[in-house]
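Heads up: the structure comes next, in structure tokens.
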There are 2 protein chains.
Amino acid sequence: MVHERLLETAISEFGAKGLDGASTRGIAAAARTAMSSITYHYGGKEGLYLATADYIASQMEDVPAGIRVGSEGFPQTPEAARAALHAMLGRMVDKLSSQRSESWSLFIVREQIRPTEAFDRIYAGPMGQMMEALVQLVCVAAGMCDAPASRITVITLFGQVLAFRAARATCERLFERSTTDPELIADLKKRIAANTDAILDSLISERQEQQ
Amino acid sequence: MVHERLLETAISEFGAKGLDGASTRGIAAAARTAMSSITYHYGGKEGLYLATADYIASQMEDVPAGIRVGSEGFPQTPEAARAALHAMLGRMVDKLSSQRSESWSLFIVREQIRPTEAFDRIYAGPMGQMMEALVQLVCVAAGMCDAPASRITVITLFGQVLAFRAARATCERLFERSTTDPELIADLKKRIAANTDAILDSLISERQEQQ
DNA sequence: GTCTATACTACGATAGAC
DNA sequence: GTCTATCGTAGTATAGAC
């Protein structure tokens, strides 16, 4: 219980202020425990930071949802791959829409822009699996091998989802609606699905023109 | 000169650690001045934070590049709007690819996820202009009025660009190339342009089906 | 305008009570 | 395993020299 409270608070504090900026005193107080328990359980501030990264990584396990490169259930036909792509992007929207994701998204974005050892830990887990799965799904869906184009496409697809969290204040202003509105989230999912289809189709026709 | 050195350092420190996390001592030391000069010039830490937001906003002035809703040069035909859209997204990629954008992008993303008064100041400037211009350009390019769909589309287009900065560490891993590589940036721009065309075309055909 | 000096609060780490 | 107490360092703010 103490562990979980500490980690939850740490996500929020480290997310907001970074490793240097956050204070163990503040984290311990918010988690209703003594500061020295951080030293005891995690060896110090840095230890808690890395443990927080692992904790965040573990919370993303449901996003790839078993779709893993090389696994037996991995989609083999363009149609199946496209469906899996839609499903995975949809789960990502759900994940990033949730109130819970607010704290850890700041943590991750900081690590994305200025990576430390913590990013290695996050990427080594479900996040890396998810990105590699997306690459292979795009390849299968567009009938191409693992070309640079498919990887760039994945970043643009991911970006569509990411913007809803990483540019949230802009979304609130643009939509003049709360970004937690389920109807808005449903509309966003539909639009991302339509965009994904359009992008895949344009990749396919590009390929056909080249031949 | 002291002002500029202070503001540049402040972007980086506030970006990394937030308002609470960053220290005036650290900022002053890195800007090679006395800490008390922050009090003198900006009235304190918060004053410097807001001044930093204004400074960031002022640095984005070249992105809308005069394309402003209601101005006389605003594109009126679908073709012109599409070209302007490509140009503006291209300038955004350039901006976000630059080394300089690293510090202020963290500042902005933090404000996007947990907005304070500083975000109002940033959005009131070129950033808000840019987003509203994108909305109108999508409307003109897709032959639709200011529907919710156009605003959601703008977020997805923006997300494609944003990902290159806000998910940089993921990009580095996916591409196994430096994200400052000009060739990679050129490829990304081409892909975003192609995706934008595909997305606009799908918006247009959606509209035609409805009729 | 820019600096030093100082008052007071908060920081991380650690030792030791229980 | 969780707490309090304490040490040395670093934080903001302010007053005042120049």
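Reminder, nothing fancy here: chain letters follow the sequence lines and each chain counts from 1.
Listed by first and then second residue, the side-chain hydrogen bond (donor to acceptor under 3.5 Å, both in side chains) pairs involving residues 147-162 of chain A are A:E132-A:R151, A:D146-A:R151, A:T156-B:N195, A:Q160-A:N195 (not counting sequence neighbours). Screening residues 47-56 of chain B for salt bridge (Lys or Arg N to Asp or Glu O under 4.0 Å), with sequence neighbours left out, gives B:D54-B:R121. Sorted by first and then second residue, the pairs that involve residues 26-65 of chain A and meet ring-ring contact (aromatic ring centres under 6.0 Å, His included), not counting sequence neighbours, are A:H3-A:H41, A:H3-A:Y42, A:F14-A:Y49, A:Y49-A:F107.
One can place CG of B:L6 at 12 Å from C1' of C:dT2, the figure rounded to the nearest angstrom. Computed from coordinates, the A:H41 NE2 to D:dC3 P distance equals 9 Å when rounded to whole Å. In this structure, B:I38 places its CD1 atom 14 Å from C1' of D:dT14, rounding to the nearest Å. Atom CD1 in B:I27 sits about 11 Å away from atom P in D:dG11, given to the nearest Å. Taking atom NZ of B:K45 as the reference point, atom C1' of C:dT9 lies 13 Å away to the nearest angstrom.
Other residues, nucleotides and ligands contribute more than 12 heavy atoms inside 6.0 Å of the CZ atom of A:R173. Other residues, nucleotides and ligands place more than 12 heavy atoms under 6.0 Å from the CZ atom of A:R5.
Legend: residues meeting side-chain hydrogen bond (donor to acceptor under 3.5 Å, both in side chains) with B:S71, ordered by chain and number and at least two apart, are absent. Looking at residues two or more places apart in sequence or on another chain, you find a side-chain hydrogen bond (donor to acceptor under 3.5 Å, both in side chains) between B:R100 and B:E8, B:Q59. The side chain to side chain contact (heavy atoms under 4.5 Å, CB included) search around A:T39 returns none, not counting sequence neighbours. Partners of B:R82 under the side-chain hydrogen bond (donor to acceptor under 3.5 Å, both in side chains) rule, at least two apart in sequence or in another chain, are B:D197, B:D201. Residues forming a side chain to side chain contact (heavy atoms under 4.5 Å, CB included) with B:A193 (at least two apart in sequence, or on another chain): B:H86. Applying the side chain to side chain contact (heavy atoms under 4.5 Å, CB included) test to A:P115 and every residue at least two apart in sequence or in another chain returns A:F119, B:A169.
Among the nucleotides D:dT2, C:dG12, D:dC3, the one closest to the side chain of A:Y40 is D:dT2.
Of the residues in residues 10-22 of chain A, not one places a heavy atom less than 4.0 Å from an atom of DNA chain D.
Between C:dG12 and A:T24, a contact under 4.0 Å exists linking OP1 or OP2 to a side-chain N or O.
Contacts of A:S23 with the nucleic acid, taken as non-hydrogen atoms under 4.0 Å apart, involve only primed sugar atoms and P, OP1 or OP2.
Helix-axis bend for the helix from C:dG1-D:dC18 to C:dC18-D:dG1: the local axis fitted to the five terminal pairs at one end deviates from that at the other end by 10°, rounded to 10°.
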Could you go over nucleotides 4-9 of chain D and give all protein N or O partners under 3.5 Å, atom names and distances?
unit_1 : atom_1 : unit_2 : atom_2 : d
D:dT4  : O4     : A:S36  : OG     : 3.1

